[in-house]
Every structure is written in C-alpha cells, then in structure tokens.
Amino acid sequence: MAEPAEVPTRERVMREWRGVIDGSVSRDSAHRWAATWVEDADFNPTDPMVLNGLQYVHGFDLVTDADGGFGHSASGVDGGYIKDGEEIEEDLQHWLRENALYDEDPSGFLSRKIAHALESLEWRGAPGSPIDPGKDASS
C-alpha cells in the first residue's frame with residue numbers, strides 16, 4: 001500500500017489527467033501511476049472523488065485488440081485507444097462537475113449515485129437485480 005505522503009489528492013489526479021490531455025504524460029505512464037492505488041484492495045481514501053478520478057486515469061490506456069476485446073496498452077495489448085483526447089477532456093470536465101456536486105452534499109451525492117446504479121441494474125435485468133430474468137419470482 002502507498003505511504004500516506006504518497007496518497008494522491010484531487011489536484012494531483014487532475015495534474016496527471018491534464019498531462020495526458022496535453023501529451024506531457026503518456027497514457028501508459030498515467031495508467032501505471034493510477035494503478036498503484038486503483039489496484040490496491042486496501043486503498044480507501046477519505047475523499048471518494050480521488051478514487052473516482054484515479055479510476056478514470058487508470059483506464060485512459062484501454063485499447064481494443066484485433067479480436068474486439070479490451071486491454072491496457074501498459075500491459076502490452078496493441079490496438080486503438082477506446083477514448084480520444086477530446087473524450088478524455090470531456091471526462092475531466094464531467095469529473096470536475098461531479099466533484100462540485102459531491103462537495104455541496106457528500107452524503108446526498110453518494111446516495112443518488114447508489115440509487116442510480118441500482119436503477120440501471122434493474123433496467124438491464126442484471127443478475128441479482130430485482131427484475132433478474134433468471135430469478136424465481138417467488139423467492
């Protein structure tokens with residue numbers, strides 16, 4: 001696990017993100033930096049928006065391979081990036097708006113996100129959702 005002095009802040013996440021946008025940081029490098037925390041099961045920042053931002057940065061090196069699958073270019077998968085630079089900039093603007101909403105009402109923000117996720121699962125009929133097509137209605 002990362003030492004406390006190394007734990008990223010929103011500002012640090014944003015610098016890495018902007019580096020990917022302006023080309024001063026490679027997607028692979030940004031992925032490896034974010035992976036330090038995203039892939040650490042024990043990492044639980046006090047600010048959930050930091051982890052949310054890290055998850056975005058962690059995925060900016062995702063590519064589609066020749067078989068239509070996905071993988072991280074940092075892991076050696078060759079292919080075209082899933083997101084172009086414009087989409088990465090749009091994601092940053094979205095993340096910044098989400099940060100502002102979170103800061104206005106942290107518990108309400110998280111409650112709304114959880115409710116939205118559950119609604120999405122129900123709409124899709126995902127396994128384990130209340131309308132799971134494979135679930136016995138009497139259970």
Side-chain angles (χ1 to χ4, degrees):
M1 184 164 167
E3 293 299 317
E6 298 175 330
V7 174
T9 61
R10 289 185 198 183
E11 292 76 22
R12 179 65 179 93
V13 171
M14 189 169 56
R15 279 197 318 268
E16 196 75 14
W17 202 320
R18 289 197 186 282
V20 171
I21 293 167
D22 71 19
S24 63
V25 175
S26 74
R27 291 175 186 232
D28 290 354
S29 174
H31 165 83
R32 285 190 298 276
W33 173 79
T36 302
W37 295 280
V38 171
E39 296 175 9
D40 180 350
D42 294 326
F43 179 61
N44 187 20
T46 56
D47 181 352
M49 299 311 290
V50 168
L51 181 56
N52 181 255
L54 286 167
Q55 290 167 333
Y56 272 100
V57 173
H58 183 260
F60 290 151
D61 76 320
L62 282 173
V63 295
T64 41
D65 64 22
D67 299 322
F70 302 98
H72 289 280
S73 62
S75 300
V77 177
D78 289 326
Y81 288 119
I82 292 174
K83 293 191 174 200
D84 63 26
E86 187 174 307
E87 291 170 306
I88 292 173
E89 172 65 35
E90 289 169 3
D91 286 345
L92 174 59
Q93 296 310 313
H94 174 77
W95 181 69
L96 291 172
R97 286 189 303 274
E98 293 283 287
N99 283 337
L101 291 172
Y102 173 81
D103 291 342
E104 287 175 12
D105 180 13
S107 60
F109 176 86
L110 294 174
S111 294
R112 288 188 303 275
K113 287 295 181 181
I114 291 167
H116 178 73
L118 291 173
E119 288 170 10
S120 294
L121 287 173
E122 290 173 9
W123 179 78
R124 290 183 177 91
S129 76
I131 60 166
D132 177 355
K135 189 161 111 180
D136 181 348
S138 63
S139 58

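In this chain, numbering begins with 1 at the start of the sequence shown.
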**Q.** Taking every non-hydrogen atom, the tightest pair across Tyr102 and Pro48
**A.** OH-CD, 3.3 Å
Q | Non-neighbouring partners of Glu98 that pass salt bridge (charged side-chain N to carboxylate O under 4.0 Å, His left out), sequence neighbours left out | A | Lys113
Q | Where at least one partner belongs to residues 77-88, residue pairs that pass side chain to side chain donor-acceptor pair (under 3.5 Å), sequence neighbours excluded | A | Lys83-Asp91
Q: Work out which heavy atom in Ala34 is nearest to a heavy atom in Val57; give both atom names and the distance.
A: CB-CG1, 4.0 Å
Q. Any salt bridge between Glu11 and Arg15, counting N to O under 4.0 Å?
A. no
Q: Identify the residue among Val13, Val25, Ile88, Leu92 that makes a side chain to side chain contact (heavy atoms under 4.5 Å, CB included) with Arg18.
A: Leu92
(Q) So does His58 get a backbone contact from the side chain of His31, meaning a donor-acceptor N/O pair under 3.5 Å? (A) yes
Q: Decide whether Asp28 and Ser26 meet the rule of one side-chain donor and one side-chain acceptor closer than 3.5 Å.
A: no
Q) Hey, does the side chain of Asp61 reach the backbone of Arg27 with a donor-acceptor pair shorter than 3.5 angstrom? A) no
Q. Which heavy-atom pair separates Trp37 from Val7 by the least distance, and what is that distance?
A. NE1-CA, 4.2 Å
**Q.** Beyond-backbone contact of Glu16 with Phe60, side-chain heavy atoms, under 4.5 angstrom
**A.** no
Q) Any chain of hydrophobic side-chain contacts (each under 4.5 Å) joining Phe70 to Val38? A) no
Q.
Checking Gln55 now: which residues fulfil side-chain hydrogen bond (donor to acceptor under 3.5 Å, both in side chains) with it, not counting sequence neighbours?
A. none
Q.
I'd like to check Pro8 versus Trp33 (side-chain heavy atoms, cut-off strictly below 4.5 Å). Are they in contact?
A. yes
Q. Any side-chain heavy-atom pair from His72 and Leu62 closer than 4.5 angstrom?
A. yes
Q.
Nearest 0.5 angstrom please: Arg112 CZ to Ser107 OG, how far?
A. 8.5 Å
(Q) Using 0.5 Å steps for rounding, measure from the CG atom of Asp40 to the CG atom of Leu51. (A) 10.5 Å
Q: Please check if the side chain of Asp67 supplies one atom and the backbone of Gly69 the other of a donor-acceptor pair under 3.5 Å.
A: no
Q. Are Leu54 and Ile82 grouped together when hydrophobic residues (ILVMFWY) are joined by side-chain heavy atoms under 4.5 angstrom apart?
A. no
(Q) Against the six-membered ring of Trp95, is Arg10 placed for a cation-pi contact (under 6.0 Å from the centre, within 45° of the normal)? (A) no
